[in-house]
2 protein chains.
Amino acid sequence: MKGRDDDRVFAALADPSRRLLLDRLFAENGLTLGNLCERMKMSRQAVSKHLAILERARLVTTHWRGREKLHYLNPVPIHQVQARWIAKFETDRLDLLSDLKTRLERKS
Amino acid sequence: MKGRDDDRVFAALADPSRRLLLDRLFAENGLTLGNLCERMKMSRQAVSKHLAILERARLVTTHWRGREKLHYLNPVPIHQVQARWIAKFETDRLDLLSDLKTRLERKS
DNA sequence: TGATTATGCAACCATGAGGTTGCATGTCAA
DNA sequence: TTGACATGCAACCTCATGGTTGCATAATCA
């Protein structure tokens, strides 16, 4: 079910707080929930929910160490979305721009 | 305001119907609202709302021809998101994977 | 053991997103 | 001019989302 997976990834990336969490993990991998909460202006439970969504989208992997939950960034889903959806718009970017330009000129 | 713009793009891409609309425009640029409605399982107004969101995110450009509204794909915002957000996760993809592996091994 | 710390779980609430329907407006064609 | 067609605008509904609070559980430390 590629489509479903992509849906989860796109949906997960739609929220700025979640992108911020990914940025934090990119800067420093393996942070605990407590660590990640420090710079978030919301309750621990809210952050926990965001991380759960990132986990379901497989953007974040977790690992228990005692009572601490460590969070690791997994860039693979981002890569997949890039590869099978974004890339196609990339390759034809200039073509489409020129195409748009000529079409607009033709109409006016 | 780069952040706001990116928010709009990410939010716009989060909905499967809107990604489908972009796919349709990628396959055939310059379609009217009516054209785009044909293969969508929702009312014309719903499609119109989706297109408005894509327009606000600058993913779609429009042009009036008489009573018809033509829709053109603009891949630039996708490229920008790719360049200033996705790319950084791409470049360090393998590094992070190996990093995760070593960290997990270290703990167990 | 007992207190503290890190996290999970569940109920709840407000808001916004996605959808609908009904009507208004402007353009084309007979 | 008149009717049909393409679209916009606005009100409304439902439900998912993002947030909260309160309590439960498990691990650590004195």
Side-chain angles (χ1 to χ4, degrees), chain A residues 3-25 28-57 59-72 103 107-108, chain B residues 3-25 28-57 59-72 103 107-108:
Chain A
R4 290 262 168 102
D5 287 355
D6 283 358
D7 272 9
R8 291 217 180 109
V9 175
F10 274 114
L13 294 180
D15 188 277
S17 304
R18 288 194 286 268
R19 292 201 301 277
L20 214 162
L21 287 170
L22 292 179
D23 282 334
R24 289 270 290 126
L25 287 178
E28 191 178 358
N29 215 358
L31 294 173
T32 68
L33 171 60
N35 296 148
L36 290 165
C37 283
E38 283 165 16
R39 302 189 194 172
M40 294 284 151
K41 291 172 181 174
M42 64 185 74
S43 70
R44 174 179 57 84
Q45 285 81 353
V47 176
S48 182
K49 278 192 185 179
H50 282 304
L51 288 169
I53 290 170
L54 291 171
E55 245 186 285
R56 286 208 75 192
L59 286 161
V60 161
T61 300
T62 60
H63 180 244
W64 282 92
R65 183 179 59 193
R67 63 184 169 182
E68 290 179 318
K69 191 178 192 180
L70 306 180
H71 297 77
Y72 298 93
R103 276 169 184 266
K107 305 302 173 188
S108 61
Chain B
R4 291 263 167 98
D5 286 357
D6 282 359
D7 272 8
R8 290 217 180 109
V9 176
F10 274 114
L13 295 181
D15 188 277
S17 304
R18 288 194 287 269
R19 292 200 302 277
L20 214 163
L21 286 170
L22 291 179
D23 281 334
R24 290 269 291 123
L25 288 177
E28 191 178 358
N29 214 0
L31 294 174
T32 68
L33 171 60
N35 295 149
L36 290 166
C37 283
E38 284 165 16
R39 302 188 194 174
M40 292 285 150
K41 292 172 181 173
M42 63 185 75
S43 71
R44 174 178 57 81
Q45 285 80 353
V47 176
S48 182
K49 279 191 184 181
H50 281 305
L51 288 169
I53 290 170
L54 292 171
E55 246 185 285
R56 286 208 74 195
L59 286 160
V60 161
T61 300
T62 61
H63 181 243
W64 283 92
R65 183 178 58 191
R67 61 184 169 181
E68 290 178 318
K69 191 178 191 179
L70 307 180
H71 297 78
Y72 299 94
R103 276 169 185 266
K107 306 302 174 190
S108 60

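This one's a predicted model, so the numbers in the text were calculated from it and none came from an experiment. The sequence lines fix the lettering, A, B, ..., with proteins before strands; numbering per chain opens at 1.
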*Nearest-Å distance, CE (A:M40) to C1' (D:dG19)?*
15 Å

Restricting both atoms to N or O, compile the protein contacts to nucleotides 15-19 of chain C shorter than 3.5 Å, with distance only.
| from | atom 1 | to | atom 2 | distance (Å) |
| --- | --- | --- | --- | --- |
| C:dG18 | OP1 | B:D15 | OD2 | 3.4 |
| C:dG18 | OP1 | B:R18 | NH2 | 3.2 |
| C:dG18 | OP2 | B:R18 | NH1 | 3.3 |
| C:dG19 | OP2 | B:H50 | NE2 | 2.3 |
| C:dG19 | N7 | B:K49 | NZ | 3.1 |
| C:dG19 | O6 | B:K49 | NZ | 2.3 |

*Taking all non-hydrogen atoms of both residues, which atom of B:A11 and which atom of A:A14 are closest, and how far apart?*
CA-CB, 4.4 Å

*Are any non-hydrogen side-chain atoms of A:L13 and A:L59 less than 4.5 angstrom apart?*
yes

*Indicate yes or no: does A:D7 engage B:R19 in a salt bridge with an N to O separation below 4.0 Å.*
yes

*For nucleotides 25-30 of chain D, just jot down a letter per nucleotide in 5' to 3' order: B, S or -, based on protein non-hydrogen atoms under 4.0 Å.*
--BS--

_For a quick test of reading the model, state the closest non-hydrogen atom pair linking B:H71 to B:T32 and the distance between them._
ND1-C, 3.9 Å

_Can you measure A:R56 atom CZ to D:dG18 atom P for me and round it to whole angstrom units?_
14 Å

*Would you mind reading off the distance between A:L54 atom CG and D:dT17 atom P, rounded to a whole angstrom?*
14 Å

_Is the shortest side-chain heavy-atom distance between A:L22 and A:R18 below 4.5 Å?_
no

*To the nearest angstrom, how far is B:L33 atom CG from D:dA6 atom C1'?*
8 Å

*Please determine if B:R8 and B:E55 form a salt bridge, counting it only when a charged side-chain N lies under 4.0 Å from a carboxylate O.*
no

*Starting at CD of B:E68 and ending at P of C:dT27, how long is that distance when rounded to a whole Å?*
13 Å

_With side-chain contact (heavy atoms from CB on, under 4.5 Å) as the criterion, how do B:H50 and B:M42 come out once you've worked through the C-alpha distance, each side chain's angles and the decisive distance to 0.1 Å?_
CA-CA 11 Å; B:H50 281 305; B:M42 63 185 75; 3.7 Å; yes

_Can you say whether a donor on the side chain of B:Q45 sits under 3.5 Å from an acceptor on the base of C:dG22, or the other way round?_
yes

*Report the distance from atom CG of A:N35 to atom C1' of C:dT5, rounded to the nearest whole Å.*
13 Å

*Please determine if a side-chain N or O atom of B:K69 lies less than 4.0 Å away from the OP1 or OP2 oxygen of D:dG8.*
yes

*Evaluate the criterion side-chain contact (heavy atoms from CB on, under 4.5 Å) for residue pair A:L25 and A:L31; output intermediate values, then yes/no.*
CA-CA 7 Å; A:L25 287 178; A:L31 294 173; 4.1 Å; yes

*asked:* What is the separation between atom CZ on B:R44 and atom P on D:dC5, rounded to the nearest whole Å?
replied: 13 Å

*Do A:M40 and A:L20 come within less than 4.5 Å of each other through their side chains, counting heavy atoms only?*
yes

*Interatomic distance where NE2 belongs to B:H71 and P belongs to D:dA6 [whole Å]*: 14 Å

